[in-house]
Amino acid sequence: MSTIDQAVAAAGTALPDVITGHIGGKSVPVDAGATRHNVYFPGTGEQVAALQEDDASTVATAVNTARESFSRGEWSRASTATRQTVFRSAAKLIRDHADELAVLECICAGLPSSHLASRQVPRAADNLDFFADYIGVMAGETFEQLPGYQTIVTRQPAGVAALFAPWNAPLALASMQIASSLAFGNTAVLKPSEFTPLSVLRMVALMEEAGLPPGTLNVVNGSGAVTGAALAGSADIDRIAFTGGGQTARQVMAAAAQHLTPVHFELGGKSANIVFDDADFDRAIDGSLVNIFSNSGQICIAGSRILVQQGIAERFIEAFVARTRSLTVGNPLDHTTEVGPMAFKAHQDRVLEHIARAQSEGATLLCGGEARADLGDGYFVAPTVFQVESNQLSLCQEEVFGPVVSIQVFDDDDAALALANDSQFGLVGYCWTNSLTRAQAFQQRVDAGTLWINTPLARDLRAPFGGFKQSGIGRDGPRQAADFFTEEKATITAIGAPPIRKLGAAAD
Ligand code: NDP
């Protein structure tokens, strides 16, 4: 029995031979003639299953199914209480199946299963619970300033949403898109990444088990170039929510422009992690390690540019490199693993190319810098630290999306803030200091959608999340999701009988 089979059996689940889409509450039938993509376990390179590609006609079926479901109204016109009940039941089922979902995600994405079970799977449930709560308290607006009239502003669901999820945190990110769109009565077609279809498909099945009407949430599987492009180009979708890379986002936006479909983009980052000389040194070391090596660095909020102040730089770099060398890299199914593999082979190659380019551009390698072939055929990259003198290196300007960090030394606060903002991205920023003045300057001057001061990631679902500049368009968040996934409607009602001009009554 392979390690995959053992893990899957231990989690009480089974793998399909062929993974297909899910439309109208049913799996898309297996078609021997359809294109297939192999799905591999990044920890060993073993094949997990084959994925059947949904072509343009199957994507059209999925969109039609979502449209018909929307028109029938069993979800789009369901009561708030019904939607809350389904979301909360689904959240409970997700928590009950946390180990199963973690294994299914681990064997596709290669993320450490212990982290998945304890953090990312519960996050999917939290997203559903949060939106269930929100729709129970959200309110419309009433205006009564206009004498003789009352104006109310209500919202109705936008219609059919196309949701595009990436491979780096499939459940956590797809669940945010699903919760944000379905909460307000939309129906949807979701396209997960071809590399990570399993956990998302299982979550959708659990949502239907919880009472989500079939046809409300449909899944199409396949490559971005075929299945993704067909969905983005559909004339019959009302909203596009996309989490992924900037290059793909440009293609999706061009497709959306044909039909003037509104887009919501959560894209990449190259975020600064500033360590001032008055920081709590140990917390800054701990947090900076978490900020870059969580999810093996495959995370949009990675603190991939460490900026450290001159006075503590030598000590910081020494301690940071020592801890980086001590990270436990290995099989993500092993509960002691801290850093897993890259999610797929081509991505491992891409990360290694970034490392080679950094060296050729003059960055000083302090540790790592190579594949970990000693760990077998998995797609491992050794946690890598570079010291750099210039922020213009490709390493400091382009998203590597792997366990690779640059450290640059700065003299004063102005220099740190200028370096932090010298980026095409503006997703998040981190700052470590015990000075209120410095923290406030950072808060006021850094161009980023989210700032963390003296802490790594702590997500508050009430707050907006998204990026400045090329890190995105729009924000996740409750009010922000309501704005994007609904149409607002103003209704003006006469109170009593305010006068109406009597056109055509001149002869009277
Ligand atoms: P991609 O842009 O490659 O893919 C995102 C999704 O779009 C996938 O489902 C992909 O399918 C699909 N896709 C690819 N090509 C097309 C196309 N032509 N038309 C329509 N859909 C397409 O991103 P990655 O999967 O590589 O994810 C990593 C990126 O996501 C990073 O840049 C990261 O920073 C960003 N990200 C941003 C987050 C945020 O909240 N701001 C959070 C997490 C990640 P397939 O994979 O099958 O090709």
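In this text, all values refer to a predicted model and were calculated from it rather than measured experimentally.
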Peer 1: When L101 is tested against each of L206, V200, L116 for side-chain contact (heavy atoms from CB on, under 4.5 Å), which residue passes?
Peer 2: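 Passing option: L206.
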Peer 1: Quick one: does R283's side chain have a donor or acceptor within less than 3.5 Å of a partner on N454's backbone?
Peer 2: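 Yes; judged by distance alone, with no hydrogens or angles, the pair exists.
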Peer 1: Counting N and O atoms only, with roles assigned by atom type, does the side chain of R202 sit under 3.5 Å from a partner on the main chain of L198, one being a donor and the other an acceptor?
Peer 2: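 No, the answer is negative, given that no donor and acceptor are paired below the 3.5 Å cut-off.
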Peer 1: Just jot down the salt bridge (charged side-chain N to carboxylate O under 4.0 Å, His left out) partners of D282, sequence neighbours excluded, or say none.
Peer 2: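 Listed in chain order: nothing, the list is empty.
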Peer 1: Can you list everything that forms a salt bridge (charged side-chain N to carboxylate O under 4.0 Å, His left out) with D460? Sequence neighbours excluded, please.
Peer 2: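 D460: salt bridge (charged side-chain N to carboxylate O under 4.0 Å, His left out) contacts with R462.
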Peer 1: Charged N to carboxylate O under 4.0 angstrom, R155 versus E488?
Peer 2: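 Looking at R155 and E488, the cut-off is met.
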Peer 1: Please enumerate all residues that pass salt bridge (charged side-chain N to carboxylate O under 4.0 Å, His left out) together with K92, with sequence neighbours excluded.
Peer 2: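 For K92 the salt bridge (charged side-chain N to carboxylate O under 4.0 Å, His left out) partners, ignoring immediate neighbours, are D96.
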Peer 1: Give a yes or no on whether the backbone of T328 and the side-chain of E338 come within a donor-acceptor separation of less than 3.5 Å.
Peer 2: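 Indeed, once roles are kept as given, a pair shorter than 3.5 Å links the two residues.
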Peer 1: In a check of side-chain contact (heavy atoms from CB on, under 4.5 Å) between Q470 and each of E399, K270, R250, which one passes?
Peer 2: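 Exactly one pass, corresponding to R250.
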Peer 1: Using a 6.0 Å cut-off, check whether atom CE of M138 has over 12 heavy atoms from anything other than its own residue.
Peer 2: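 For M138, atom CE is crowded (more than 12 foreign heavy atoms under 6.0 Å).
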Peer 1: Are more than 12 heavy atoms, taken from residues, nucleotides or ligands other than E318, located less than 6.0 Å from that residue's CD atom?
Peer 2: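 Counting other residues, nucleotides and ligands, CD of E318 stays at 12 neighbours or fewer.
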Peer 1: Is the backbone of A132 close enough, under 3.5 Å, to the side chain of Q84 for a donor and an acceptor to pair up by distance?
Peer 2: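 Yes, Q84 side chain to A132 backbone: donor-acceptor pair under 3.5 Å.
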Peer 1: So, are R445 and D413 salt-bridged, with charged N and O less than 4.0 Å apart?
Peer 2: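 Salt bridge absent between R445 and D413.
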Peer 1: Which value, rounded to the nearest 0.5 Å, describes the distance between I4 atom CD1 and C108 atom SG?
Peer 2: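 Between atom CD1 of I4 and atom SG of C108 there are 9.0 Å.
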Peer 1: Quick one: side chains of residues 219-228, donor-acceptor pairs under 3.5 Å with protein atoms, not counting sequence neighbours, listed by atom name and distance.
Peer 2:
unit_1	atom_1	unit_2	atom_2	d
N221	ND2	T20	O	3.1
S223	OG	E53	OE1	2.9
S223	OG	V226	N	3.2
T227	OG1	D54	O	2.8
T227	OG1	N221	O	3.3

Peer 1: Do the side chain of E105 and the main chain of L111 share a donor and acceptor less than 3.5 angstrom apart?
Peer 2: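 Checking the backbone N and O of L111 against the side chain of E105, no donor-acceptor pair under 3.5 Å is found.
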Peer 1: Ignoring hydrogens and angles, tell me if any N or O in the side chain of T384 forms a donor-acceptor pair with the backbone of G369 under 3.5 Å.
Peer 2: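 Yes, because the side chain of T384 sits within donor-acceptor range (under 3.5 Å) of the backbone of G369.
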Peer 1: Could you note down all residue pairs passing salt bridge (charged side-chain N to carboxylate O under 4.0 Å, His left out) where residues 116-134 supplies at least one of them, sequence neighbours left out?
Peer 2: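 Passing the test, one end in residues 116-134: R88-D133, R95-D126, R95-D129.
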Peer 1: Quick one: does N186's side chain have a donor or acceptor within less than 3.5 Å of a partner on G159's backbone?
Peer 2: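 Here the side-chain-to-backbone pair exists.
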Peer 1: Applying salt bridge (charged side-chain N to carboxylate O under 4.0 Å, His left out) as the test, list every pair that has at least one member in residues 320-329; sequence neighbours left out.
Peer 2: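 Those involving residues 320-329 are D286-R323.
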Peer 1: Could you check, using the six-membered ring where one of them is a Trp, whether F344 and F195 have ring centers closer than 6.0 angstrom?
Peer 2: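 Close enough - the centres of the two rings lie under 6.0 Å apart.
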Peer 1: Check this for me: E389, atom CD, are more than 12 non-hydrogen atoms of other residues, nucleotides or ligands nearer than 6.0 Å?
Peer 2: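 No, the 6.0 Å shell around CD holds no more than 12 heavy atoms from other groups.
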Peer 1: So which pairs with a foot in residues 452-477 pass ring-ring contact (aromatic ring centres under 6.0 Å, His included), sequence neighbours left out?
Peer 2: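 Checked against ring-ring contact (aromatic ring centres under 6.0 Å, His included) - neighbours excluded - the pairs reaching residues 452-477 are Y430-W452.
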Peer 1: For the pair S271 (side chain) and V428 (backbone), establish whether a donor and an acceptor sit closer than 3.5 Å, ignoring hydrogens and angles.
Peer 2: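 Checking the backbone N and O of V428 against the side chain of S271, a donor-acceptor pair under 3.5 Å is found.
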Peer 1: Taking everything shown except N421 itself, do over 12 heavy atoms lie less than 6.0 Å from its CG?
Peer 2: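 It does: N421 CG has more than 12 such atoms within range.
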Peer 1: Suppose the criterion is salt bridge (charged side-chain N to carboxylate O under 4.0 Å, His left out): which pairs have a residue in residues 348-369, not counting sequence neighbours?
Peer 2: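 Only K345-D349, R357-E361, R357-E398 qualify under salt bridge (charged side-chain N to carboxylate O under 4.0 Å, His left out).
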Peer 1: Enumerate the salt bridge (charged side-chain N to carboxylate O under 4.0 Å, His left out) contacts for residues 292-317, please, sequence neighbours excluded, ordered by first and then second residue.
Peer 2: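 Qualifying pairs: none.
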Peer 1: Identify, with sequence neighbours excluded, every residue that meets salt bridge (charged side-chain N to carboxylate O under 4.0 Å, His left out) alongside D422.
Peer 2: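 None.
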Peer 1: For L163, does its backbone N or O pair with a side-chain atom of Q177 as donor and acceptor, under 3.5 Å?
Peer 2: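 Absent.
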Peer 1: Can you list every pair that meets ring-ring contact (aromatic ring centres under 6.0 Å, His included) and has a residue in residues 273-304, with sequence neighbours left out?
Peer 2: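 Checked against ring-ring contact (aromatic ring centres under 6.0 Å, His included) - neighbours excluded - the pairs reaching residues 273-304 are F276-F410.
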Peer 1: So, W432 and D278: side-chain donor and acceptor under 3.5 Å apart, yes or no?
Peer 2: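 Distance-only check fails for W432 and D278.
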Peer 1: Within the side chain of S326, is there an N or O that forms a donor-acceptor pair under 3.5 Å with the backbone of A322?
Peer 2: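 Side chain of S326 to backbone of A322, a donor-acceptor pair under 3.5 Å: yes, one is there.
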Peer 1: Give the table of side-chain donor-acceptor pairs shorter than 3.5 Å for residues 164-173, with sequence neighbours excluded, one pair per line with atom names and distance.
Peer 2:
unit_1	atom_1	unit_2	atom_2	d
N168	ND2	Q298	O	3.2

